Asks: 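What follows is a single structure, and I will ask about it in a moment.
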2 protein chains.
Amino acid sequence: MLKSTWKQFDEVELTHSSVHHLMAMHELLKQNGYVRGVDIAKYLKISRSSVSITIHKLIKKGYIKEDENKFYHFTDKGKALINDVLSKRRIITLFFEKVLNLSSEKAEAEACKIEHLLEEVTGQRLMSFLGFYLSNAEEAQQCRKAFQEFSYACGQVESCDVCELDCYFAGSQEKH
Amino acid sequence: MLKSTWKQFDEVELTHSSVHHLMAMHELLKQNGYVRGVDIAKYLKISRSSVSITIHKLIKKGYIKEDENKFYHFTDKGKALINDVLSKRRIITLFFEKVLNLSSEKAEAEACKIEHLLEEVTGQRLMSFLGFYLSNAEEAQQCRKAFQEFSYACGQVESCDVCELDCYFAGSQEKH
DNA sequence: TTCTGCTGTTAGGTTAACTTAACAAATGTT
DNA sequence: AACATTTGTTAAGTTAACCTAACAGCAGAA
């Protein structure tokens with residue numbers, strides 16, 4: 001891999017924290033019809049002061065505007081971002097839940113950690129894959145069924161095609 | 001979702017940065033047979049001082065030990081972690097590349113951003129899925145073939161089952 | 001109207017991860 | 001032997017994201 005690829009982690013347009021301030025806003029707007037700083041603070045379980053600072057940064061960046069009564073609203077830019085992140089989260093969650101059979105709580109928790117890090121194209125491709133894999137297409141249905149019956153027999157071998165090192169899956173069976 | 005789920009992001013045992021110091025070590029050990037601070041610094045393109053500090057933290061946490069000549073080595077704990085992360089990266093990369101058809105560079109870059117955030121169980125499930133999906137099983141082969149021929153016809157509709165909001169995939173087609 | 005409580009902001013402090021600058025110790029060169 | 005380079009460490013500064021404490025403004029209750 002390119003030796004500085006790892007730095008892309010820091011180069012996301014908005015941090016995990018900022019994205020979640022926006023997500024909280026979206027959720028609270030849907031719930032209550034309005035959002036104030038204190039609502040976000042309670043929702044995210046952080047201090048009002050911290051929220052105040054982050055929100056002002058987001059205002060400066062053009063994702064949020066504030067009205068006379070200190071109620072917050074999304075700008076078009078903010079709405080677009082929320083839409084992207086929500087879609088991506090939804091798709092990733094669906095994948096974890098419907099394909100990998102994680103519980104819906106775990107699926108959401110895992111999606112939440114990575115949703116803002118993946119590029120649009122990855123989300124789109126995943127979307128496309130799910131659109132097919134979860135469809136009623138004959139091949140998809142049979143594939144799902146066969147996978148359910150399939151149990152990866154990694155326990156017997158020292159190494160397999162997929163993991164070059166000690167078998168990851170084998171190791172996992174001791175732990176679980 | 002549980003309202004504090006998002007905080008799990010910060011609660012990973014090792015940060016993105018720390019994990020990548022260990023990954024760099026692994027890579028350099030494989031390449032040269034030894035690692036010093038300056039090697040890691042050059043590899044990660046950060047300052048020697050920064051590496052020095054991070055490495056000492058990792059020594060305190062028990063992932064690395066230092067010999068008389070300031071060469072670094074993994075402890076068993078470090079080896080186990082590297083093994084886990086590498087396996088997870090490999091699986092995720094494979095998924096992005098072989099299932100979602102991302103280029104191998106993009107697949108690795110995307111995997112790199114999220115590999116340390118996903119739980120073991122997620123990696124295992126993905127492993128299991130790939131083990132089947134990429135296998136020679138009749139159903140898997142047909143599914144792969146059918147998916148290749150499939151193009152998600154999202155353009156015609158306002159919304160679809162998968163994305164509740166504006167169609168994510170439709171939006172993406174304008175951009176690309 | 002005074003008091004209380006809620007809300008937002010500011011000030012000052014912490015931690016993690018970077019930076020540059022300065023320096024000490026070892027190593028290599030001439 | 002003297003000088004230059006490499007390497008690791010330390011000091012001091014930056015940014016992001018949190019914290020607590022203090023305080024100002026407002027709004028409702030006694």
Side-chain angles (χ1 to χ4, degrees), chain A residues 3-25 28-29 32-61 63-73 112-113 116-117, chain B residues 3-25 28-29 32-61 63-73 112-113 116-117:
Chain A
K3 293 183 181 172
S4 51
T5 301
W6 76 284
K7 279 207 173 179
Q8 291 185 9
F9 187 81
D10 307 312
E11 288 161 8
V12 249
E13 149 78 358
L14 288 175
T15 63
H16 178 77
S17 172
S18 292
V19 171
H20 278 89
H21 279 68
L22 296 174
M23 297 288 278
M25 267 189 66
L28 290 162
L29 274 172
N32 309 330
Y34 65 88
V35 217
R36 298 162 305 165
V38 69
D39 303 315
I40 299 172
K42 278 178 190 156
Y43 188 90
L44 295 178
K45 297 188 180 152
I46 58 180
S47 65
R48 277 171 296 147
S49 51
S50 185
V51 169
S52 175
I53 289 160
T54 306
I55 289 295
H56 284 302
K57 278 184 200 163
L58 288 170
I59 290 173
K60 256 181 208 155
K61 286 192 178 178
Y63 291 95
I64 298 176
K65 48 185 187 280
E66 187 182 25
D67 69 20
E68 331 76 57
N69 303 311
K70 300 252 173 209
F71 290 116
Y72 302 126
H73 309 271
C112 166
K113 285 186 280 186
H116 73 293
L117 291 169
Chain B
K3 292 181 181 176
S4 51
T5 300
W6 76 284
K7 279 207 175 182
Q8 292 184 7
F9 187 80
D10 306 312
E11 288 161 8
V12 249
E13 148 78 0
L14 287 175
T15 63
H16 178 76
S17 173
S18 292
V19 171
H20 277 89
H21 278 68
L22 295 174
M23 297 288 278
M25 267 189 66
L28 291 162
L29 274 172
N32 309 330
Y34 66 88
V35 217
R36 297 161 306 165
V38 70
D39 304 315
I40 299 172
K42 276 177 192 159
Y43 188 90
L44 295 178
K45 297 187 180 154
I46 57 181
S47 64
R48 278 172 296 147
S49 50
S50 185
V51 169
S52 174
I53 290 160
T54 305
I55 290 293
H56 285 302
K57 279 183 199 162
L58 288 170
I59 290 173
K60 258 182 207 153
K61 286 191 178 179
Y63 291 95
I64 299 175
K65 49 186 188 280
E66 189 181 23
D67 69 20
E68 331 77 58
N69 304 311
K70 301 254 174 208
F71 291 116
Y72 303 126
H73 308 271
C112 165
K113 285 187 278 187
H116 72 294
L117 291 169

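Quick caveat, the model's predicted, so the values are computed rather than measured. Numbered from 1 within each chain, the chains take letters A, B, ... in sequence-line order.
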Asks: Rounded to the nearest Å, what distance is computed from the NZ atom of residue B:Lys45 to the P atom of nucleotide C:dT19?
Replies: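 Rounded to the whole Å, the gap is 13 Å.
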
Asks: What I'd like to find out is whether the side chain of B:Lys65 reaches to under 4.5 Å of the side chain of B:Ile59, using heavy atoms alone.
Replies: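 Heavy-atom side-chain distance check fails, nothing below 4.5 Å.
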
Asks: Nearest-Å distance, CG (B:Leu28) to C1' (D:dT7)?
Replies: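 That distance rounds to 16 Å.
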
Asks: Whether the A:Ser18 and A:Thr15 side chains hold a donor-acceptor pair (N or O, under 3.5 Å, no angle test) is what I'd like checked.
Replies: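 Yes, A:Thr15 and A:Ser18 have a side-chain donor paired with an acceptor closer than 3.5 Å.
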
Asks: Would you call B:Ile46 and B:Ile40 a side-chain contact if the rule is heavy atoms closer than 4.5 Å?
Replies: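 The answer is no, as the side chains (C-beta and beyond) never meet within the 4.5 Å cut-off.
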
Asks: Measuring only between side-chain heavy atoms, which start at C-beta, is A:His73 closer than 4.5 Å to A:Ile64?
Replies: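 Result no, sub-4.5 Å side-chain heavy-atom pair not found.
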
Asks: Would you mind reading off the distance between A:His16 atom NE2 and C:dA17 atom P, rounded to a whole angstrom?
Replies: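 Answer to the nearest Å: 16 Å.
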
Asks: Taking only N/O atoms, report every protein-nucleotides 7-9 of chain C pair under 3.5 Å with atom names and distance.
Replies:
from, atom 1, to, atom 2, distance (Å)
C:dT7, OP1, A:Arg36, NH1, 2.8
C:dT7, OP1, A:Arg36, NH2, 3.2
C:dG8, OP1, A:Gly37, N, 3.3
C:dG8, OP2, A:Gly37, N, 3.4
C:dG8, OP2, A:Val38, N, 2.6
C:dG8, O3', A:Lys70, NZ, 3.4
C:dG8, N7, A:Arg48, NH1, 2.5
C:dG8, O6, A:Arg48, NH1, 3.1
C:dT9, OP1, A:His56, NE2, 2.9
C:dT9, OP1, A:Lys70, NZ, 3.0
C:dT9, OP2, A:Ser52, OG, 2.7
C:dT9, OP2, A:His56, NE2, 3.2

Asks: Can you check the B:Ile55 CD1 to D:dG8 P distance for me, whole Å?
Replies: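 Between P of D:dG8 and CD1 of B:Ile55: 10 Å.
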
Asks: Does a side-chain N or O of B:Ser47 approach OP1 or OP2 of C:dC18 to a distance below 4.0 Å, or not?
Replies: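 For B:Ser47, the contact criterion (side-chain N or O under 4.0 Å from OP1 or OP2 of C:dC18) is not met.
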
Asks: Does any part of the side chain of A:Leu14, heavy atoms only, come nearer than 4.5 Å to the side chain of A:Tyr63, both counted from C-beta?
Replies: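 With C-beta onward as the side chain, the pair touches.
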
Asks: For the pair made of NE2 in A:His20 and C1' in D:dA16, what is the distance, rounded to whole Å?
Replies: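 So the two atoms are 17 Å apart, to the nearest Å.
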
Asks: Take the protein atom CD1 of A:Ile46 and the nucleotide atom P of D:dA17, then report the distance between them rounded to whole Å.
Replies: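 Whole-Å distance recorded here is 10 Å.
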
Asks: Rounded to the nearest angstrom, tell me the gap between atom CG in A:Leu14 and atom P in D:dT15.
Replies: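 Atom CG in A:Leu14 sits about 18 Å away from atom P in D:dT15.
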
Asks: For the residue pair A:His116 and A:His16, what are the closest heavy atoms and their distance?
Replies: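 So the two residues come closest at CE1-ND1, 3.2 Å.
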
Asks: Grab the CG-C1' distance between B:Leu22 and C:dA17 for me, whole Å please.
Replies: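 So the CG-C1' distance, B:Leu22 to C:dA17, works out to 15 Å.
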
